[in-house]
Amino acid sequence: MSPDRQTGAKRVAILISGSGSNMVALADSMSGDHPARPVLVLSNRPGAGGLARAEALGIATAAVDHRAFEGDRARFEAALGEVLAAAEPDVICLAGFMRILTPAFTRAWAGRVLNIHPSLLPKYPGLHSHARALEAGDAEAGCTVHEVTEALDGGPILGQARVPVLPGDTPETLAARVLVEEHRLYPAVLRRFVTGDRTPVLFG
Ligand code: GAR
């Protein structure tokens, strides 16, 4: 029996596509008296760097390669859902998970899925948010953790962190500054969320 089943801690699955730095921040936060534990890191890319990082942290990992489903989102999500369901998660954190989820999936897991997005939503949903903030001449940028609904990057906001846009910023320098805040914000929101507190966490 896993330790969390003994202690009653909430079970958290983390979905990634890439390096998994947010996944590590979340996993690192879930220790000691934290009311949750990571039970699975799942990637749609078998080669995602975050899988090795999760293994090194002693977390169970799995991959469901979306390319094997040749564009059939329903079949991909059915496979993803099966692996997730076996882990019995109370909460699913999307952490750099770069597949759009269909309403069938988001409805099936409604109320349990969080996402982090690198913009101050509702500004710049979708891709290239840092470049779009710079093009718009915004004085500040940031990141948002929100509940996942069928609206892309559109669910209720559970936390935001703001950073200044500095002279000479490029999408890369801005992304790096925002990422530091992502690593603070996401664990703070998760900690609140697993206790049933949906008051937004606001930083900066
Ligand atoms: C993070 O900046 C996250 O906000 C972003 O991808 C990066 C993943 O980095 N997510 C999205 O753009 C989702 N639309 P990580 O793999 O190092 O956590």
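Along the sequence shown, the residues carry numbers beginning at 1. As the structure lists them, so they are numbered: ligands from 1, and atoms in each ligand from 1.
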Check your understanding: Would you call the rings of His66 and Phe76 parallel, tilted or perpendicular, where under 30° means parallel and over 60° means perpendicular?
Key -> perpendicular

Exercise for review: With sequence neighbours left out, write down each residue that passes salt bridge (charged side-chain N to carboxylate O under 4.0 Å, His left out) with Asp65, or none if nothing qualifies.
Suggested key: Arg67

Review point. Hey, does the Lys NZ or Arg CZ of Arg184 hover above the aromatic six-ring of Phe203, less than 6.0 Å from the centre and inside 45° of the axis?
Key: yes

Review point. Under a 4.0 Å heavy-atom cut-off, what residues line ligand 1?
Key: Ser19, Gly20, Ser21, Asn22, Gly96, Met98, Ile116, His117, Pro118, Leu179, Glu182

Exercise for review: Could you tell me the separation between the CG atom of Leu134 and the OG atom of Ser129, rounded to the nearest 0.5 Å?
Suggested key: 10.0 Å

Exercise for review: Report the residue from His117, Lys123, Gln160 that forms a side-chain hydrogen bond (donor to acceptor under 3.5 Å, both in side chains) with Thr144.
Suggested key: Gln160

**Study point:** Hphob cluster co-occupancy, Val148 + Ile116, side-chain heavy atoms under 4.5 angstrom
**Key:** no

